[in-house]
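Shown next, in structure tokens, is the structure this report addresses.
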Amino acid sequence: MHEKYNHQEIEKKWQEKWKEQKLYETLDEVKGKKNFYTLVEFPYPSGNLHIGHWYAFAVPDIFARTKRMQGYNVMFPIGFDAFGLPAENAAIKNKVDPKKWTYDNIAFMEKQLQSMGNSFDWSRKVITSDPEYYKWTQWLFLKLYEKGLAYKKKAGVNWCPSCNTVLANEQAVGGKCERCGTEVTQKDLEQWFFKITDYAERLLSDLDNLKWPEEIKTAQKNWIGKSEGTSLKFEIRNSKSETIEVFTTRADTLFGVTYLVVAPEYEKMEKWKEEKIIKNWDEVQNYINETKSKTEIERTTWKKDPSTGSGQVKTGVEIKGIKVVNPANGEEVPVFVADYVLGNYGTGAVMAVPAHDNRDFEFAKKYGLPVKEVIQPLITKEIGEDAFEKDKPVIERRSVVAVIKHWSEDKYLGAIWKKTGWQGFVIGGIEEGEDAKTAGLREITEETGYKNVEFVKTLPGIINARFLQRVKNQNRLAHFEPVLFRLKDGERAGVVEEEKILQDLKWLGPDEFEKFITHADMQIVWQRAMGNYCYTGDGEMVLGCRREGILVSSGEFNGLTTAEAITKITKKFGDKVTKYKLRDWLLSRQRYWGCPIPVVYDPQGKPHKVPGKNLPWLLPEDVKDFEPKGESPLVTSKELKERTEKIFGNGWKPEFDTMDTFVDSSWYFNRYTDPKNDKEFANKEKLKNWMPVKRYSGGDEHTARHVLYARFFHKALFDLGLVNEAEPFVERMNRGLILGPDGQKMSKSKGNVVDPDELVEKVGSDTVKMYLAFIGPYNETGQYPWDLGGVVGIRRFLERVWKIGLKIESHSAEASGDKKLENQLHKTIKKVTEDIENYKFNTAISAMMIFLNELEHTNQVSKGTFDTFLKLLAPFAPHMTEEIWNSPTSLKLRGANESSIHLEKWPKLDETKIKEEKITVVVQINGKVRAQFEAEVGISEKGAKEKALALPDVQKWLVDKKIKKIIFVLNKIVNFVV
RNA sequence: GCUUGAGUGGUGGAAUGGUAUACACGCAACACUUAAAAUGUUGUCCCGAAAGGGUUGUGGGUUCGACUCCCACCUCAAGCACCA
């Protein structure tokens with residue numbers, strides 16, 4: 001061991017040795033060891049590793065190494081998700097071959113990854129763009145196709161008519177082409193889909209059995225978006241057979257329907273046109289064409305509607321000539337076509353209940369349609385319950401209570417209400433977008449006329465008040481927020497007449513003011529609110545609000561609660577149905593660098609599978625132009641066309657589209673179990689050895705899509721009898737994100753990318769890895785701005801360990817008799833072991849730091865103690881610990897030959913060693929800490945009480961006090977309540 | 001707007017309902033040094049001379065005791081975005 005901790009030398013040396021010794025190559029089975037499969041999402045070979053990759057791979061390596069030391073046969077594989085758009089973009093930009101670009105990147109990144117010193121098993125590497133891999137992607141696709149889970153249909157893509165090209169959603173920002181600014185339109189293409197919707201229910205219900213963090217489950221649930229509702233049929237007047245079917249989750253509002261809306265794509269539109277029952281067809285057609293020219297993005301971008309002052313711009317036209325009948329009450333209502341209704345969800349038609357749905361309300365307001373209330377909220381009892389009236393809607397308001405100080409004197413502006421004679425402060429409603437401060441400033445100018453006001457501070461005491469506002473006869477729930485203002489001078493404009501009639505202003509002296517600031521003043525504010533005047537609101541808030549409550553104006557259903565009414569109305573007028581937001585998975589890409597879809601078409605255009613013996617169905621290499629043109633660049637391949645005709649016959653054509661890269665990554669974890677198999681995608685026995693993945697770490701950007709797709713794929717394979725379990729991942733952990741030093745997401749264009757190579761060169765792989773683990777809890781998806789400053793803390797820690805290592809060498813091997821140190825050591829074993837299991841590496845490291853501090857302050861440290869500590873540290877700093885472990889003196893002291901620390905057994909916790917004999921008992925008086933004393937573990941309540949009462953610091957506080965109660969918490973607290 | 005997550009020192013963060021601010025960074029003083037760096041020691045939430053008091057986004061509540069549980073509100077981040 002050298003005096004100096006030379007990380008460069010050490011890390012290089014051990015990485016080479018580990019490779020030679022094949023230390024991390026995993027056998028399929030090892031006698032006496034259980035298999036343990038831990039996985040990280042494989043990277044896209046973008047060119048070089050950034051610090052985010054380190055965070056993604058180096059930190060979970062701590063877990064993998066620990067599991068290995070704990071006696072598991074651990075598989076921790078790595079590969080490359082190598083198909084994808086960037087390769088083509090590079091090809092277009094730099095005229096390089098996408099394949100070469102990709103494989104060069106892989107070679108470079110492999111080298112970078114090696115410098116991490118991770119315990120990856122490189123022998124199991126998979127690359128999704130290798131024909132040996134995508135052969136099986138194709139084979140699996142065909143399996144799904146055979147089962148009817150892959151199908152073809154027309155679907156829209158974003159299309160730029162000027163560039164003559166297909167755009168990805170992110171290239172069509174704001175409905176305009178990213179490159180030329182032209183309006184993006186929709187173009188229909190025949191495309192391949194996976195029927196993931198068939199699995200919606202299972203994908204949802206199987207979540208219940210997974211031990212995943214709740215937020216990940218919720219994210220998936222939301223993505224699947226199950227909603228149970230009612231299908232209702234509205235008959236078209238004078239037509240017995242024709243109906244418009246709608247889907248609603250709020251059947252209870254059926255009596256409040258005042259019109260119907262259908263989507264512009266509504267399927268029956270054509271039929272109506274042919275039957276010529278639409279009287280204003282030209283107008284309707286115009287509207288439909290208008291929406292068609294808009295993109296999905298444009299249609300769904302949130303814009304505030306200036307004509308209604310709220311919500312999103314809603315447009316539509318009435319379909320004249322069609323009226324429908326409400327099945328519940330026989331009322332006749334009009335039908336509109338509007339693009340706020342989506343063609344691809346539900347039935348493409350909705351019943352509109354403007355009184356209880358915001359969107360319907362906005363639309364109704366804009367087009368002057370009637371609003372019919374059928375639900376009234378239930379009121380819960382609170383203050384002011386007597387004033388509250390049952391069965392009346394509640395209006396929620398935030399109001400500011402403006403306490404206004406005089407510009408020079410110690411007096412405050414009060415208001416006297418002429419009607420009631422009541423005195424209070426200026427009160428005003430807080431409008432949307434305002435805070436109490438700005439609302440207060442505005443109200444003061446309006447109500448008092450004073451011009452120069454400044455904000456001082458927010459006063460404590462928000463009052464929540466429920467009351468009946470008598471003038472308007474409305475139930476209100478108000479939050480009053482008192483704020484202190486100061487007038488700068490007496491300059492004053494006139495006050496509007498309206499305000500003058502209502503109130504007089506009066507200066508209040510300090511005494512009077514005091515009353516308002518204490519708790520009692522809340523009563524006054526309260527009375528003020530109860531008084532017969534309120535400035536705010538026009539009652540519209542209640543309309544358009546979705547509420548639960550009691551049915552009114554609903555015939556026989558009056559008085560039922562929302563839940564009851566939904567059941568009863570559904571039973572009587574409709575059918576119970578379930579809908580999902582989840583759409584089928586569009587897997588076709590009009591791109592070159594992807595897995596070819598193994599399908600060919602006969603001269604009649606009928607699709608056929610490419611037979612197994614012709615797999616892999618190779619991606620042709622004679623494509624030169626990768627520019628997206630609305631069809632796949634593969635159409636320019638002579639080789640592909642010739643190959644197809646040669647194998648299948650004249651007039652046969654290949655499928656030119658390639659697959660979404662999410663297909664490649666939906667099954668790769670299976671391939672790791674048997675990466676070189678050329679007979680099967682993976683042998684079933686080998687799959688059984690390893691699957692399901694015990695812990696899968698990845699970014700939270702993948703929870704909704706990649707993880708869901710992989711689950712779908714695995715379920716489909718399970719149904720086909722190809723895999724052994726229906727769920728691929730036992731545990732899923734999402735990590736956080738490393739931001740640039742500027743707190744922004746790292747990107748080349750922002751120039752805030754942290755280069756890990758440089759850093760590793762400077763401080764070493766162990767330091768970088770440990771720093772990333774130390775930055776915060778790994779199982780929470782926080783965001784961490786990269787801060788180089790913190791790295792030195794870890795580097796110092798490792799250097800101190802190194803130094804102790806040197807010191808130990810000069811010590812004898814005799815056991816230390818230090819009980820306290822042993823106790824600390826075992827506490828550290830416990831903490832570190834538990835924290836690694838829970839991915840809380842930050843606190844594990846902090847525990848080791850605390851122990852190191854202890855070690856440094858102990859004169860005689862035994863080799864055994866230090867070795868145990870070194871083993872705990874080994875997964876975190878694999879190179880350095882290995883070096884110390886194998887230093888000549890260390891070997892001599894151990895009387896051993898060179899062997900890896902990473903093959904050592906994880907330190908075992910000895911529970912008897914962490915038992916404390918003495919503990920500190922805290923003495924509280926009324927919950928406040930006043931003293932503490934040492935006592936033996938398990939001290940009785942009586943003993944503790946006596947000891948506590950003997951303390952002068954306790955007696956001091958108990959003078960002239962009577963002890964009412966004593967709370968005793970074993971080994972922790974004695975609390976005297978007086 | 002909806003969903004989810006989060007608000008604790010100058011910073012990253014720590015705390016099964018039981019001594020809030022562990023650990024680390026930064027900063028300050030001191031030691032070593034001709035000096036600096038490195039290293040080490042000590043200190044470092046706020047008010048206060050002290051006794052003591054206050055403090056986990058805000059306001060309430062439950063409790064002997066609340067960062068932790070409940071209610072309301074505010075702010076930030078991410079995802080979804082007219083899903084009936």
Side-chain angles (χ1 to χ4, degrees), chain A residues 213-216 218-219 221-223 225 227 229-230 246-250 253 261 299-302 310-314 338-342 344-353 357-360 362-363 382 396 398 435-436 458-464 477 479-482 546 579-583 700-701 703-704 737 771 774-777 780-785 787-794 796-797 799-800 803 840 842-843 845-850 853 856 920-932 956 964-969 971-973 975-978:
Chain A
E214 274 314 310
E215 63 268 23
I216 297 181
T218 319
K221 277 181 193 161
N222 290 343
W223 194 264
S227 62
T230 309
V246 302
F247 173 71
T248 181
T249 53
R250 292 296 302 266
T253 61
V261 191
R299 256 177 81 174
T300 57
T301 307
W302 203 90
S310 62
Q312 203 174 339
V313 179
K314 284 181 184 50
D339 67 1
Y340 79 90
V341 172
L342 306 173
N344 54 4
Y345 182 78
T347 58
V350 302
M351 60 181 218
V353 187
D357 181 279
N358 285 323
R359 294 157 308 184
D360 297 341
E362 281 161 25
F363 192 81
E382 248 188 55
E396 289 192 37
R398 282 177 62 208
D435 56 14
T458 306
L459 298 168
I462 290 179
I463 315 103
N464 292 318
L477 169 58
H479 315 282
F480 292 96
E481 301 174 30
R546 267 183 163 287
K579 300 275 176 200
Y580 300 90
K581 279 200 239 178
L582 187 71
R583 307 286 159 78
D700 61 346
E701 70 273 22
T703 30
L737 195 65
Y771 173 63
F774 188 56
I775 208 163
E780 285 172 24
T781 58
Q783 303 207 336
Y784 306 102
D787 172 23
L788 200 62
V791 175
V792 310
I794 297 293
R796 273 179 208 157
F797 168 76
E799 276 175 13
R800 281 160 59 205
K803 259 192 221 164
K840 293 180 87 176
N842 56 334
T843 45
I845 294 172
S846 122
M848 289 189 286
M849 285 172 165
I850 292 169
N853 288 342
E856 282 178 332
T920 306
V921 176
V922 170
V923 185
Q924 295 184 334
I925 288 153
N926 286 339
K928 282 202 185 298
V929 179
R930 295 301 181 192
Q932 56 190 43
K956 188 171 82 185
K964 286 186 199 141
K965 200 174 165 188
I966 298 169
I967 310 285
F968 174 70
V969 182
N971 295 338
K972 271 185 183 149
I973 273 174
N975 185 11
F976 297 100
V977 184
V978 295

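From a predicted model like this one, the values you see are computed outputs, not experimental measurements. Numbered from 1 within each chain, the chains take letters A, B, ... in sequence-line order.
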Tell me the interatomic distance from A:I925, atom CD1, to B:G52, atom C1', rounded to whole angstroms. 14 Å

Rounding to the closest angstrom, what is the interatomic distance between B:G10 and B:U58 at atom P? 14 Å

Nearest-Å distance once atom P is located in both B:C80 and B:G65: 45 Å

Reading nucleotides 13-21 of chain B from the 5' end, what letters show protein touch, with B for base, S for backbone sugar-phosphate only, - for no heavy atom under 4.0 Å? SSSB-BB--

When the C1' atoms of B:C71 and B:G1 are compared, how many Å lie between them, rounded to an integer? 23 Å

Quick one: label A:T703 by what it contacts on the DNA or RNA (base, sugar-phosphate, nothing), any heavy atom closer than 4.0 Å. nothing

In whole Å, measure the gap between the C1' atoms of B:G53 and B:G60 for me. 23 Å

Taking atom P in both B:G79 and B:C64, compute the distance separating them and give it to the nearest angstrom. 45 Å

Can you tell me how far C1' in B:U3 sits from the matching atom in B:A81, rounded to whole Å? 11 Å

Taking the six-membered ring of A:F363 as reference, does the NZ or CZ atom of A:K314 fall below 6.0 Å from its centre and within a 45° cone about the axis? no

Residue-phosphate contact under 4.0 Å: A:R930 side-chain N/O, B:G52 OP1/OP2: no

Any side-chain N or O of A:Y340 less than 4.0 Å from the OP1 or OP2 oxygen of B:A84? no

Syn or anti for B:G26, given that syn means the glycosidic angle lies within 90° of 0? anti

Candidate nucleotides B:U3, B:G40, B:A84, ranked by approach to the side chain of A:R800 - the nearest: B:G40

A:S846 side-chain proximity, nearest of B:A84, B:C23, B:G5: B:C23

B:G57 and B:U8: how far apart are their C1' atoms, nearest whole angstrom? 10 Å

Donor/acceptor link under 3.5 angstrom from A:K964 side chain onto base of B:C64: no

Mind checking if A:V792 touches a base, just sugar-phosphate, or nothing, with heavy atoms under 4.0 Å? sugar-phosphate

Under 4.0 Å between a side-chain N/O of A:R583 and OP1 or OP2 of B:C80, yes or no? no

Give one of base, sugar-phosphate or nothing for A:N853, where a contact means two heavy atoms less than 4.0 Å apart. sugar-phosphate

Scan A:V977 against the nucleic acid and name what it touches under 4.0 Å (heavy atoms): base, sugar-phosphate only, or nothing. sugar-phosphate

Given B:C23, B:G26, B:A84, which nucleotide is nearest the side-chain atoms of A:R796? B:G26

Does NZ or CZ of A:K579 come closer than 6.0 Å to the centre of the six-membered ring of A:F247, within 45° of the ring's axis? yes

When you measure from the side chain of A:D360 to the backbone of A:V353, do you find a donor-acceptor pair of N or O atoms at a distance under 3.5 Å? yes

NA contact type, A:K965, heavy-atom cut-off 4.0 Å: base, sugar-phosphate, or nothing? sugar-phosphate

Provide, to the nearest angstrom, the distance between the CD1 atom belonging to A:I845 and the P atom belonging to B:A22. 18 Å

B:U39 and B:G48: how far apart are their P atoms, nearest whole angstrom? 35 Å

Considering just the side-chain nitrogens and oxygens of A:K928, establish if one lies under 4.0 Å of OP1 or OP2 belonging to B:C64. no

